[in-house]
Amino acid sequence: MPRPSPASPLLSLPGAVPAEAPDEGVAAHYGDLFREQRALADGAGFVDLSHRGVVTVTGAERLSWLHLLLTQHVSDLPPGQATEALILSAHGHIEHAVSLVDDGETTWMHTEPGNQEALIAYLESMKFFYRAEVADRTDEIAVVHLPAGSIAEVPGNAVVRETAHGRDLFLPRADLESFAADHGPAIGVLALEALRVEAHRPRLGLETDHRTIPHELGWIGTAVHLQKGCYRGQETVARVHNLGKPPRRLVFLHLDGSEVHLPPHGTPVRLASDGEEGRQLGFITTSARHHELGPIALALVKRNVPVDAPLMAGSTAAAQEVVVEP
């Protein structure tokens, strides 16, 4: 069993409601989900992501070594430039996803809660004679997210990973409570998840299963560099990109707003014309309540599902938008 990250001290803040799997250890929300979403969309507040695994790699050969293992081109990664990358199986299936930045001396990565031990085990097995040291920093370093547009001042002891979606800070865990006092309001992970679904951004373990390849989720280009050298699983990536199409594709769904309950992860997706007993064509990966769009979801469906076909997620009607072209 993966070792859980330490529970966040911010769960003691007023109104904090603990999140459920896979985000145990931090707050789902602090009492007003839509207010928190609106604040985040406006560039205010911060999200406590201290449950995520933090891994560092140091040593003179860290980037050239990681370049051999990751799907992303990182051998010449400039200090401060954020990127994301995958680790694939020999058959091209996604095993790990990391968000990373290098500060000139250390490569900082965060990954899904509890996934850091498996990631480190793989990295250690591939070290050979390279001058690179891998460390689990989860117990001492917390990840905090500042939304795009935030004008919050970043503490001088934090490592910053800046993207179009906001800034991820690698912050000493001991400073988490003082950071919250200075940078509130605190915003729960459900608000961040709703904005992630709106932006069509996949997440390991939710949008992926044991046979997912990067093309199905639109990770080609953002997490996979098609012109770099060899890495495990590259043959599958190149073959599908050059000769074929992925067997499934990620779609965005507008869900029927009259339903009280959101369809949970794994809910079967079918053609609406076939009804609830029809052939399963995919499944819900993440669903959320959005402050403007209402109930929304991401789903992974068979590539040949017509892009204009009304769908059903369990008993909930769903209209699809294309994320990955069929």
Side-chain angles (χ1 to χ4, degrees), residues 8 10-11 13-20 22-23 26-52 82 84 99 101 110 112 142-155 158 160-171 176 179-204 206-207 217-219 222 250-257 259 262-263 265 284-299 318-323:
S8 173
L10 303 191
L11 285 172
L13 291 178
V17 174
E20 299 179 351
D23 290 319
V26 295
H29 60 83
Y30 294 88
D32 192 335
L33 175 61
F34 290 154
R35 178 188 59 79
E36 293 172 32
Q37 278 189 38
R38 286 190 290 269
L40 202 61
D42 289 340
F46 73 93
V47 183
D48 175 13
L49 298 179
S50 61
H51 61 317
R52 289 185 65 81
E84 57 183 352
S99 301
V101 68
H110 66 80
E112 289 297 323
V143 179
V144 174
H145 177 76
L146 293 173
S150 171
I151 59 173
E153 184 176 346
V154 175
V160 181
R161 179 181 177 272
E162 185 164 3
T163 74
H165 304 286
R167 290 173 288 173
D168 295 338
L169 310 185
F170 294 87
L171 183 75
L176 193 56
F179 178 90
D182 294 337
H183 295 80
I187 293 170
V189 291
L190 286 183
L192 185 62
E193 282 291 277
L195 299 187
R196 178 183 71 81
V197 172
E198 178 192 16
H200 308 163
R201 297 172 59 212
R203 183 175 170 187
L204 182 76
L206 292 176
E207 277 63 57
L217 304 182
W219 255 331
T222 61
L250 189 68
V251 297
F252 176 80
L253 300 178
H254 293 273
L255 302 174
D256 180 1
E259 294 287 341
L262 290 172
H265 174 83
I284 293 291
T285 59
T286 307
S287 58
R289 296 192 187 278
H290 191 276
H291 68 287
E292 290 182 340
L293 300 177
I296 57 176
L298 294 174
Q320 61 171 311
E321 289 184 9
V322 174
V323 176

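Computed from a predicted structure; not experimentally measured.
Closest non-hydrogen pair, Pro147 versus Ala44, comes out as CG-O, 3.6 Å. The heavy-atom pair separating Leu10 from Phe46 by the smallest distance is CD1-CE1, 3.7 Å. Among all heavy-atom pairs drawn from Ala194 and Ala288, the shortest one is CA-CB, 3.8 Å. Summarising the geometry of Leu217 relative to Glu207, their closest heavy-atom pair is CD2-O, 3.6 Å, with the distance given to 0.1 Å. The shortest heavy-atom contact between Pro295 and Asp256 is CG-O, 3.9 Å. When all heavy atoms of Leu262 and Leu255 are compared, the closest pair comes out as CD2-CD1, 4.3 Å.
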TODO: Determine, stepwise, if the pair Phe34 / Arg289 fulfils side-chain contact (heavy atoms from CB on, under 4.5 Å).
DONE: CA-CA 8 Å; Phe34 290 154; Arg289 296 192 187 278; 4.0 Å; yes
Where do Leu195 and His290 land on the side-chain contact (heavy atoms from CB on, under 4.5 Å) test, with the steps shown first? CA-CA 7 Å; Leu195 299 187; His290 191 276; 3.8 Å; yes
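Using a 4.5 Å cut-off on side-chain heavy atoms (C-beta onward), Leu253 and Ile284 make contact. Inter-residue side-chain proximity for Leu146 and Leu169 is flagged as met; some heavy-atom pair is nearer than 4.5 Å. Phe170 is not listed as a side-chain neighbour of Val160, based on a closest heavy-atom distance of 4.5 Å or more. Residues Ile296 and Ser287 are not in side-chain contact: their nearest non-hydrogen atoms beyond the backbone lie 4.5 Å or more apart. In this structure, the side chains of Glu193 and Thr286 come closer than 4.5 Å at one or more pairs of heavy atoms. The shortest side-chain heavy-atom distance between Val144 and Leu49 does not fall under the 4.5 Å cut-off. Contact check for Leu192 versus Leu40: side-chain heavy atoms found under the 4.5 Å cut-off.
Between the side chain of His183 and the main chain of Glu153, a donor-acceptor pair closer than 3.5 Å is present. Listed for the His265 side chain is a donor-acceptor partner under 3.5 Å among the backbone atoms of Thr285. The main-chain N or O of Val143 is never found under 3.5 Å from a side-chain atom of Ser50 such that the two would form a donor-acceptor pair.
Under the rule for a salt bridge (Lys or Arg N to Asp or Glu O under 4.0 Å), Glu84 has no partner lying at least two apart in sequence or in another chain. Every residue two or more places apart in sequence or in another chain that forms a side chain to side chain contact (heavy atoms under 4.5 Å, CB included) with Arg201 is listed here: His165, Arg196, Ala199. The side chain to side chain donor-acceptor pair (under 3.5 Å) test applied to His51 returns Asp23, not counting sequence neighbours. Listed by chain and residue number, nothing satisfies the salt bridge (Lys or Arg N to Asp or Glu O under 4.0 Å) test with Arg167 (two or more places apart in sequence, or in another chain). Residues forming a side chain to side chain contact (heavy atoms under 4.5 Å, CB included) with Glu321 (at least two apart in sequence, or on another chain): His200, Phe252, His254.
Residue Arg52 holds its CZ atom at 5.5 Å from NE2 of His110, rounded to the nearest 0.5 Å. Taken from CG in Leu11 to CG in Asp48, the straight-line distance is 7.5 Å, to the nearest 0.5 Å.
Judged as a side chain to side chain donor-acceptor pair (under 3.5 Å), the pairs with a partner in residues 30-40 (not counting sequence neighbours) are, in order, Gln37-His291.
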